[in-house]
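To start, the structure under review is shown below, and the notes come after it.
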Amino acid sequence: MEYKFGEIEEKWKKFWAEKDIYKVTEDHNKPKYYVLDMFPYPSGAGLHVGHPLGYVASDIFARYKRLKGFNVLHPMGFDAFGLPAEQYAIETGTHPALTTEKAITRYREQYDKIGFNYDWSRAVKTCDPSYYKWTQWIFLKLFGSWYNRELNRAESISTLVTFFETKGCREWAQHDKNEHETFSAEQWKAFTHEQKENILMNYRLAYLSYAEVNWCAALGTVLANDEIKDGKSERGGHPVERKKMRQWFLRITEYSDRLLEGLERIDWSESMKEMQRNWIGRSEGALVDFETAAGGKIKVFTTRPDTIFGATFLVVAPEHDLIESLITDGQRKEIETYIAYVKSRTDVERQQEKKVTGAFTGSYAVNPVNGKEVPVWIAEYVLAGYGTGAIMAVPADDERDKKFAEKFGLPIVEIIDKSMHPGATIEDKMGQMINSDFLNGQEVKDAIKVILDWIEQKGIGQRKVNYKQRDAGFSRQRYWGEPFPIRYEIVGEPDGNFVGEGESNDIPIPLDEKLLPLILPEVTSYKPTGDGKAPLASNAAWVKNGYETDTMPGYAASSWYFLRYMDANNPDEFAAKDKLNYWQNVDLYIGGTEHAVGHLLYSRLWHKFLFDLGYVETDEPFKKLVNQGMIQGVSKFVYRSANKPNVFVSVDRMNDELADDLKDLGALTAIHVDVRFVEDDILNVEKFRKWRPEYESAEFVLSKDGKYHCGSAVEKMSKRYHNVVNPDDVIDKVGADCFRMFEMFLGPIEQSKPWDDKGISGVYNFLRKFWRLFYSDAGDWKITDEEPTQAEYKALHKTIKKVTEDIERLAFNTCVSSFMICVNELAALNCSKKKILEPLLITLAPFAPFISEELWQALGRDTSINFASFPLADEKYLVETAHNYGVSINGKVRAQIQLPLDLTEEEVKVQVLALENVQKWTNGAAPKKFIFVKGKIINVVV
RNA sequence: GCCGAAAUGGCGGAACUGGUAGACGCGCACGACUCAAAAUCGUGUAUCGAAAGGUGUGUGGGUUCGAUUCCCACUUUCGGUACCA
């Protein structure tokens, strides 16, 4: 009987859905296991073959854990707010909710087709009010909390108010960035409502402040970094500049140390942890004040206070608060030109720039250690957001400062003698201090301590731990996101009179929890208002109520969705306590590296915050994390003539410039062509002609073989490159089981690779070969109850052992190989014995659930194979008594010898040295060395 | 620029803790079956060489009896770089 995957898969897909096979509840008799996928943004293009890579892996793992006796939570949902649907709405007027809903339906169909074992009763859609109600609720908790540095945890802002009322503002509670003054309890009580609110804003974990956005005046909108190419808007190519706007932030910097420390306790790859550590960027150093001639103080942060005698100039960020007071009349023009230039550039561009740029303010500051005047410059390489936005430049020891000094003719004073340490760099912190007054002769590491003490004693600065990480911007001037549950109060009229947001001293008032969710209202236009405000500002009723018109960013909903799955339909809580306590946190999380420092850091923050408030029992959300690689697309190109735009040249003819048929064509431009029109590299000319009207009359300069060969390139799989391969098409051809196994067979899950279905027939043949162990070609059932031979048992148990080990280390590609080897062996042994094939079938079930379920039923079982038990490998079939050794002479393999494993080294030596091939190399002399590693290798050194 | 990762036959990859490089699959070649094709089965397949043997895991060095694996320096590609998700 033929293996009819289409019928089989349709049958079991229906069966699983009807019987709710994958529905899971809290079962206290079994250990829990939570396997999570990063949920997708449902794009209009549907799933492509790259998406399921991680999903198939987690699906296999979840099924495996269930067969191993765990109660497995394996949910899926949709990250449904986002820019593409909003952009589509701007272009077409279609409500993003409709676009999104349609995409979700399609995703769901595609998921089911692949046979995933998700418990869909727990699915979430982040744009659904029943979900974002709780996103808003957590935001209110963040707004209503502060970080108690003494207890090192978040708590209600009311405890801070109590402190202020009884003790005033204490030293420890000062927020170092804002450095607002201290006040007594009496002063606090005397403050106005507005003053109090402004002070509390410096402590709230969700707070309002100012930040720069990418403002595009021509489009009248704020742009995402993604929407900017080479400093211009991607749409239209208009200029973009940085503009300050009042925005919401999350005070993630209060959690920096805990986010660092938590990394020690989780099972993530070292590289992933390293990326998070570097992102947080903790560094110890000092804040030092440089007084300016005008009487101001420029605070610089330095990790190398020992080099301060070599600080020959200061560089401040072009956005620095003190800039205005530093510019002298003579330099004003130059500075303004320079600032205009910097405003047109993104942070990434500013740091990438290899050209040294900068401008002199005209002012000088005093180096506090030696009283020398140093010029103050501005330069794009100093960013306002990092440290204090000002640095002391030490050109002798810092590459960037040095280039700057050389370009602008600024003095360079050597301060560290590294002659004893050739090749040492500044980071090595080695050498002896010179030209540094009282530090002279000291080793760098000692000098750092001495100068820090000195700076603090003299009151010109203090020790400081700095973080590269900044507080997280939480506002988007967009429509398609969660509304903030916030209204703005008119100052002095706190009772119900609200104004539209935007005035700098408006006071935000949190909405009562009972009024959640605050529903995202309709708008007449999805376009921004043109003056930088979000589309909600065009809804009159919304503005009249004083509601915030910005919405939350994409990461709001995704920072906690893994908790909602635990109790997805609860209308009264984000999740019930007993359910949170049962499921705890995610045991295995699979997703892409592109989320390394975004989503994965924010989720940890939210989880720790909820932990502080006592809502969850664990303080890390994801115990084990695995990053799957991306599957790239293979784009195909045709080459169009510049002079004759309907003529296309085959790729191998492009350099044939002298040929008659290529004369006068001019330059050739590569054009993406849909990969569905191309097989191997050959273009299906008819399909291409029908693709677009403009190609109807296309003419082709063909290759010598009479065919049109396309060029190709590996690129991101994307609609715009026409290189998207849809899993549905693959499944129609070979079935979902084959598709799943093939995706795994492509290589290690962590690795990125281009999609190429060339090898898929290998997996397809495997499945048919497996099927033929059960059914003859004529359709006869071949299974017998005969007792298997040793060889058959060995083939089975070897496979069980290897597959179990490989699943545990998530090496699914080698599992597939093992299955192939096993089936090849069983086919060679002509084995159709139930005692072998039944356990093998269960082992295969996580990988190929459809065919397994079908054959399980054929074996006479009346329950789903999902409720079987994963077989254990029996070592008694795997004992080896001999090993085929490779014998190396000086590390090169020269001979082979089969030897029993119980021989001693001396016995082995005698046999090996007697080998003809070994004699040839030793010439009968005794070897210098004889290395014997039992069961591995023999190496003879001559 | 900065942070992280990857590189092995014609192709995807294997080699898990430093121990016989190329498992498994694709492709290709040849053969069996067939009127023929498909399917299936079998044999071969890193490379140079007639062979002996040499070379070979991005490049150049190093450690080691032995390196795809560890160390140093580089090249290229990919991901992130704070409003794509």
Side-chain angles (χ1 to χ4, degrees), chain A residues 38-41 43 79 81-84 87 211 213-214 222-228 247 269-279 281 346-354 381 385 400 468-478 553-555 558 592-599 601 627 629-630 632 714 716 742 745-748 750-754 756-763 765-766 768-769 772 777 805-806 809 811 813-814 816-821 824 827 884-896 927-931 933 935-941:
Chain A
M38 286 185 186
F39 64 166
Y41 171 79
S43 96
D79 192 11
F81 279 128
L83 276 187
Q87 188 52 40
V213 294
N214 303 306
V222 175
L223 296 177
N225 291 330
D226 206 45
E227 298 173 299
I228 302 171
Q247 319 237 21
S269 70
E270 228 5 85
S271 59
M272 185 63 47
K273 292 182 185 179
E274 198 58 22
M275 276 192 261
Q276 293 216 338
R277 283 189 200 111
N278 292 333
W279 180 266
T346 64
D347 284 1
V348 173
E349 286 173 324
R350 285 170 60 173
Q351 286 168 89
Q352 251 166 8
E353 187 59 67
K354 283 181 187 162
Y381 77 88
R400 233 165 10 172
K468 196 163 93 201
Q469 177 180 47
R470 308 198 288 264
D471 279 342
F474 201 67
S475 284
R476 298 294 180 264
Q477 288 73 42
R478 303 279 175 184
Y555 70 83
S558 61
T593 15
E594 65 270 26
H595 300 284
V597 288
H599 162 63
L601 207 48
N627 294 113
M630 294 222 309
Q632 291 132 329
V714 173
K716 197 169 159 178
F742 179 62
F745 191 56
L746 277 173
E750 307 90 342
Q751 223 160 82
S752 290
K753 52 232 145 192
D756 187 348
D757 58 12
K758 245 197 283 172
I760 204 161
S761 61
V763 177
N765 287 343
F766 156 76
R768 290 197 310 173
K769 203 165 179 179
R772 286 203 303 270
D777 290 340
E805 285 169 3
D806 285 357
R809 65 186 180 101
N813 54 329
T814 47
V816 180
S817 300
S818 306
F819 284 124
M820 287 174 169
I821 293 168
N824 286 345
N884 187 25
Y885 287 93
V887 179
S888 300
I889 312 290
N890 291 337
K892 281 268 168 198
V893 180
R894 302 290 181 183
Q896 302 264 319
K928 275 191 201 153
K929 212 167 181 181
F930 186 83
I931 288 149
V933 183
K936 298 260 165 139
I937 200 184
I938 294 156
N939 191 13
V940 183
V941 185

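Below, chain A is the first sequence line, B the second, and so on; all start at residue 1.
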Is [N] paired to anything, Watson-Crick or G-U wobble with both distances less than 3.5 Å, and if yes, which nucleotide?
N	value
B/C2	B/G80
B/C70	B/G62
B/A7	B/U75
B/U55	B/A46
B/A36	none
B/C24	B/G12

Give [X] one of three labels, base, sugar-phosphate or nothing, depending on what nucleic acid heavy atoms sit under 4.0 Å from its own.
X	answer
A/Ser475	base
A/Gln276	nothing
A/Gln896	base
A/Ser888	nothing
A/Arg350	nothing
A/Lys273	nothing
A/Glu274	sugar-phosphate
A/Asp806	nothing
A/Ile931	base
A/Val213	base
A/Asn824	sugar-phosphate
A/Gly886	base
A/Pro748	sugar-phosphate
A/His599	nothing

On a heavy-atom basis, the closest approach of A/Val893 and A/Gly886 is CG1-CA, 4.4 Å
When rounded to the nearest Å, what value does the distance between [atom1] atoms of [N] and [M] take?
N	M	atom1	answer
B/U76	B/G60	P	16 Å
B/A51	B/G12	C1'	35 Å
B/G22	B/G13	C1'	9 Å
B/C78	B/A73	P	24 Å
B/G4	B/G9	C1'	29 Å
B/G18	B/A67	C1'	6 Å
B/C2	B/U69	C1'	28 Å
B/U68	B/U8	P	14 Å

Can you identify which nucleotide, out of [options], has its nearest atom closest to the [X] side chain?
X	options	result
A/Lys758	B/C83, B/U81, B/C26	B/C26
A/Met820	B/G79, B/A14, B/C24	B/C24
A/Ser271	B/G4, B/C84, B/A85	B/G4
A/Arg470	B/C83, B/C65, B/A82	B/A82
A/Val933	B/G13, B/G4, B/G19	B/G19
A/Arg476	B/C83, B/U55, B/U81	B/C83
A/Ala224	B/C65, B/G54, B/C84	B/C84
A/Trp279	B/A82, B/A85, B/G19	B/A82
A/Lys769	B/C41, B/G79, B/A21	B/C41
A/Thr814	B/A14, B/C78, B/G12	B/A14

Which residue lies more 5' along RNA chain B, comparing A/Val816 with A/Ile938 via nearest heavy atoms
A/Ile938
Need to verify one output field. Residue with the more 5' nearest nucleotide on RNA chain B, A/Lys936 or A/Leu746?
A/Leu746
How many angstroms lie between [atom1] in [X] and [atom2] in [Y], if you round to the nearest 0.5 Å?
X	Y	atom1	atom2	answer
A/Thr593	A/Asn627	OG1	CG	5.0 Å
A/Arg476	A/Gln247	CZ	CD	8.0 Å
A/Ile821	A/Phe766	CD1	CZ	11.0 Å

Student check: side-chain heavy atoms of A/Leu83 and A/Arg478 closer than 4.5 Å
yes
Just wondering, do A/Thr814 and A/Arg809 contact through their side chains at under 4.5 Å, heavy atoms?
yes
May I ask you to evaluate whether A/Arg768 reaches the phosphate of B/C41, defined as a side-chain N or O under 4.0 Å from OP1 or OP2?
no
Between A/Asn765 and B/G25, does any side-chain N or O lie under 4.0 Å from OP1 or OP2?
no
Using only heavy-atom distances, decide whether a donor-acceptor pair under 3.5 angstrom links the side-chain of A/Gln477 to the base of B/C83.
yes
Could one point to a donor on the side chain of A/Asn939 or the base of B/C65 with an acceptor on the other under 3.5 Å away?
yes
Does A/Lys753 reach the main-chain N or O of A/Pro748 with its side chain, forming a donor-acceptor pair under 3.5 Å?
yes
